[in-house]
2 protein chains.
Amino acid sequence: MTQEVIPGAPTLEQVAALAGVSRSTVSRVVNKSPHVTDEAAAVVLEAIETLGYVPNRAARSLASRKTQVIALVVPESTARVFADPFFASVVQGIALHLAATEYTLNMVIASETNPEKTRRYLMGGNVDGALVVSHHSGDHSYARLSQALPTVFGGRPMNADERDSYFVDSDNVAGAAVATRHLLDIGCRRVATIGGPQDMPPGFDRLEGWRRTVREAGLDDSLVELGDFSPRQGAEAMRRLLARGEAFDGLFVANDQMAVGALSVLREEGIAVPRDLAVVGFDADYFSETSEPPLTTIAQPAIELGATMARVLVDLLEGRPVERVTIMPTHLLVRASSRRRDDAEEASR
Amino acid sequence: MTQEVIPGAPTLEQVAALAGVSRSTVSRVVNKSPHVTDEAAAVVLEAIETLGYVPNRAARSLASRKTQVIALVVPESTARVFADPFFASVVQGIALHLAATEYTLNMVIASETNPEKTRRYLMGGNVDGALVVSHHSGDHSYARLSQALPTVFGGRPMNADERDSYFVDSDNVAGAAVATRHLLDIGCRRVATIGGPQDMPPGFDRLEGWRRTVREAGLDDSLVELGDFSPRQGAEAMRRLLARGEAFDGLFVANDQMAVGALSVLREEGIAVPRDLAVVGFDADYFSETSEPPLTTIAQPAIELGATMARVLVDLLEGRPVERVTIMPTHLLVRASSRRRDDAEEASR
DNA sequence: GTGAAAGCGCTAACAT
DNA sequence: ATGTTAGCGCTTTCAC
């Protein structure tokens with residue numbers, strides 16, 4: 001018997017021929033259908049092995065009307081800050097989780113000048129579902145998307161009327177509350193804050209967490225300055241806070257980058273951290289590790305958040321029941337910028 | 001005439017019906033074939049517009065035997081350092097460039113425990129080409145891949161026998177040379193270096209650039225300590241350098257992370273930067289911006305590098321002539337860690 | 001320049 | 001449990 005030399009990738013048909021069964025049976029084996037005898041399956045598997053057969057996704061997808069592709073939608077403006085470590089970790093979590101499934105990750109940079117192009121592509125039946133990560137997480141320009149395509153968002157939407165979409169977010173309110181509580185616990189008597197943009201959920205939520213906590217402690221919540229999450233504006237907000245001339249011994253900053261900016265101002269002004277002022281940031285990024293002093297901060301489970309987004313979407317696609325909203329816990333990382341004041345100081349109040 | 005209500009995405013057939021032409025003609029228009037009259041094209045385009053038709057990739061790919069998909073292969077270990085800003089920028093460049101083409105970006109996390117799975121997928125005709133970005137760029141476990149699939153690597157391969165593959169890299173040798181030259185130019189009389197791992201091309205090349213430059217200047221090239229690119233080992237290498245007891249007034253560090261570690265040691269030891277010792281890093285990452293003092297460093301065109309990788313691969317796929325090796329220029333960013341010594345000091349030697 | 005016909009490799013009823 | 005029969009939506013000869 002002469003072995004025909006067949007060019008290109010082996011097809012299901014060739015596997016069937018070699019195994020001496022029909023294509024249907026091979027298909028069933030490949031798709032792990034239970035309606036195949038173990039013997040048949042074994043023969044098929046062996047044929048697959050010797051041929052090095054890999055199913056053709058295009059054909060499979062055309063016939064099954066499923067693409068097995070999940071789009072990762074990244075608004076173009078977000079792509080520019082792709083280097084944001086938090087964002088990168090979320091993507092990593094998504095990719096890692098999906099690698100273990102049958103789904104493929106399709107990165108789509110959404111042109112903001114021509115959003116129709118992206119919408120068309122996504123709605124054109126080229127993907128089974130979409131994951132949307134936006135830097136300014138409030139911007140849900142793809143909210144409408146979720147009506148036509150299973151979609152999971154990273155970060156909660158700013159608009160309450162989008163509550164019918166699926167999203168995964170970290171618990172910014174609780175994180176900020178824990179940070180503030182920590183400052184109080186180490187003996188701070190007045191805690192100021194540098195907040196983020198109030199039109200972005202993380203900015204809004206973190207300010208909210210701080211506010212609730214200081215109020216609950218019976219303290220005033222007037223020591224607030226805002227910035228845009230950049231080190232520069234963090235520094236400026238710090239100067240404004242200092243310029244008020246009011247005393248405070250604790251400071252919660254809505255993200256580490258602004259905190260680093262604030263720290264540089266404190267250094268210039270000769271204000272010792274944590275002795276004169278204890279500082280806590282948010283995000284646990286590079287900045288917090290390398291700052292002088294290292295920054296106490298709130299760590300977000302970025303990788304897990306990404307993995308959870310992927311899990312929720314896959315569950316959704318496979319018809320398993322899923323929660324619309326998933327809030328991931330954060331945790332406090334205590335470092336030198338907020339080391340507990342010693343008892344002597346504590347007693348002196 | 002009653003308008004049939006057709007569920008799902010519109011098909012080419014429906015466009016043909018509405019335009020009153022055959023499917024072939026619609027296909028030609030969609031694929032920009034020149035063999036269509038302008039009138040016919042206009043009618044078809046209008047039908048496409050009103051229907052909101054988007055070609056089905058799976059069908060197209062099945063029929064044309066092209067996938068229009070490019071795989072971005074990320075070794076799993078690299079994915080763990082996904083947050084590496086350089087790496088993230090390269091990916092950004094790739095994604096941005098591809099967004100302007102007909103190609104789709106498929107992120108593949110290559111399991112290192114089961115490399116066969118990835119190889120099968122890639123060689124199974126599911127993608128038209130691959131882009132490989134590896135953190136330890138020397139590791140070309142996917143070198144063999146390029147024999148079966150058009151592949152472009154980011155970073156040069158360590159093995160010379162892989163010269164038949166396509167790759168894009170930044171000019172590490174020249175960058176290190178410029179950095180070292182800069183130290184000499186500002187008046188340094190002896191320049192030490194903290195090098196990276198010698199089994200990684202960037203580590204090797206940057207040491208080479210330093211070595212050439214000091215030799216050309218007639219200086220000795222013995223003041224070398226190596227680290228693994230981490231801040232911790234940068235600090236340790238710095239201590240070893242100091243422990244030698246030999247004087248030097250210039251230091252080139254193979255990356256910014258190690259430079260930051262070195263800087264912290266110098267601070268501890270009371271060695272003023274740049275007064276006592278001028279320091280230059282490499283990478284121009286976050287660390288270099290926020291260090292104390294800000295670090296003079298070499299910027300790599302990360303986004304452009306990614307974009308170039310994408311361009312080379314697309315050219316390759318479309319049969320256009322391409323260069324096997326593309327070396328991207330770097331540039332010097334002068335900051336406080338190497339401000340020129342003033343004339344008084346210069347004169348005193 | 002345009003249409004008709006024949007698949008691309010696979011899945012999914014429907015038989016058996 | 002397995003085989004048979006139709007397509008999935010598109011491209012691509014090949015006629016006209």
Side-chain angles (χ1 to χ4, degrees), chain A residues 6-45 47-48 51-69 102 120-121 123-128, chain B residues 6-45 47-48 51-69 102 120-121 123-128:
Chain A
I6 297 145
T11 69
L12 182 147
E13 175 133 38
Q14 295 167 29
V15 175
L18 202 157
V21 299
S22 75
R23 300 184 311 177
S24 317
T25 300
V26 177
S27 178
R28 289 190 182 98
V29 172
V30 170
N31 295 298
K32 307 193 191 348
S33 156
H35 305 290
V36 193
T37 53
D38 292 354
E39 300 83 68
V43 187
V44 171
L45 254 13
I48 287 179
L51 253 32
Y53 168 76
V54 183
N56 179 309
R57 285 189 89 91
R60 192 205 281 247
S61 138
L62 186 56
S64 66
R65 309 172 127 282
K66 287 185 201 162
T67 64
Q68 297 289 96
V69 173
E102 289 294 283
R120 282 272 172 91
Y121 175 73
M123 320 251 280
N126 294 309
V127 300
D128 289 347
Chain B
I6 298 143
T11 70
L12 182 149
E13 174 133 38
Q14 294 167 32
V15 174
L18 202 156
V21 298
S22 74
R23 301 185 310 180
S24 317
T25 301
V26 178
S27 178
R28 289 189 183 98
V29 172
V30 170
N31 295 298
K32 305 192 192 352
S33 155
H35 304 290
V36 192
T37 53
D38 292 353
E39 300 82 69
V43 187
V44 171
L45 254 14
I48 288 179
L51 252 33
Y53 168 76
V54 183
N56 179 309
R57 288 188 87 91
R60 191 203 281 247
S61 139
L62 184 56
S64 67
R65 310 170 128 284
K66 287 186 202 160
T67 64
Q68 297 289 95
V69 173
E102 289 293 283
R120 282 271 172 93
Y121 175 73
M123 320 249 282
N126 294 310
V127 301
D128 289 346

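So that the names make sense, note that chain A is the first sequence line, chain B the second, and so on, each numbered from 1. Just so we're clear, the structure is a prediction, and the values are computed from it rather than from any experiment. Side-chain atoms are counted along with the backbone in the values below, which use heavy atoms only and exclude waters and symmetry mates.
Per the geometry, CD belonging to B/E102 stands 11 Å off P belonging to D/dT11, to the nearest Å. Going from atom CG of A/L62 over to atom P of C/dG7 covers 17 Å, rounded to whole Å. Nucleotide D/dG9 holds its P atom 11 Å from the CZ atom of B/R23, rounded to whole Å. The CZ-P distance, from A/R57 to D/dC10, rounds to 19 Å in whole Å. We find that CG of B/N31 is positioned 15 Å from C1' of C/dT2, with the value rounded to whole Å. The separation between A/L12 atom CG and D/dC8 atom P is 19 Å, rounded to whole Å. In this entry the distance linking CG of B/N126 with P of C/dC10 reads 10 Å, nearest Å. Between B/K66 atom NZ and C/dG9 atom P the separation is 15 Å, expressed in whole Å.
Closest heavy-atom contact between A/L45 and A/V29: CD1-CG1, 3.5 Å. Among all heavy-atom pairs drawn from A/N31 and A/R60, the shortest one is OD1-NH1, 3.0 Å. For B/A19 against B/V43, the heavy-atom pair with the smallest separation is O-CG1, 3.5 Å. Shown here for B/R23 and B/L12, the closest heavy-atom pair between the two residues is CB-CD2, 3.2 Å. Residue B/R57 comes nearest to B/E102 through the heavy atom pair NH2-O, 3.4 Å, listed as atom of the first residue, atom of the second, then distance. Nearest heavy atom pair, residue A/P55 against residue A/V30, reads CG-CG1, 4.1 Å.
A sub-4.0 Å separation between OP1 or OP2 of C/dG3 and a side-chain N or O of B/T25 is present. Between B/S64 and D/dT11 there is no side-chain N or O to OP1 or OP2 distance below 4.0 Å. Applying the 4.0 Å criterion to OP1 and OP2 of D/dC8, one finds that B/N56 has every side-chain N and O outside that range. Residue A/R60 places at least one side-chain N or O closer than 4.0 Å to OP1 or OP2 of C/dT11. Phosphate contact (OP1/OP2 of C/dC10, side-chain N/O of A/R65, threshold under 4.0 Å): absent. Contact between the side-chain N/O atoms of B/S22 and the OP1/OP2 oxygens of C/dA4 is not found at any separation under 4.0 Å.
Two residues are said to be in side-chain contact when any heavy atoms from C-beta on lie closer than 4.5 Å; B/V26 and B/V21 meet this criterion. Residues A/N126 and B/V54 meet the side-chain proximity criterion, which asks for heavy atoms closer than 4.5 Å. At least one side-chain heavy atom of B/V15 sits under 4.5 Å from a side-chain heavy atom of B/V44.
Rounded to 10 degrees, the angle separating the terminal axes of the helix from C/dG1-D/dC16 to C/dT16-D/dA1 is 30°, with each axis obtained from five end pairs.
Residue order along DNA chain C, read from the 5' end via each residue's closest nucleotide, puts B/G20 first among B/G20 and A/S61. Toward the 5′ end of DNA chain C lies the nearest nucleotide of B/A63, the other residue of the pair B/A63 and A/R28 mapping further downstream.
Residues of residues 33-40 of chain B having a heavy atom closer than 4.0 Å to DNA chain D: none are found.
In this structure, A/T11 reaches the sugar-phosphate backbone alone: every heavy-atom distance under 4.0 Å involves primed, P, OP1 or OP2 atoms, never a base. When heavy atoms are screened at a 4.0 angstrom cut-off, B/V21 is found touching the sugar-phosphate backbone but no base atom.
With hydrogens and angles left out, the side chain of A/S27 and the base of C/dA12 share no donor-acceptor pair within 3.5 Å.
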(request) Output, in order, the C-alpha distance, side-chain angles, deciding distance and verdict of side-chain contact (heavy atoms from CB on, under 4.5 Å) for B/N56 and B/T11. (result) CA-CA 8 Å; B/N56 179 309; B/T11 70; over 6 Å; no

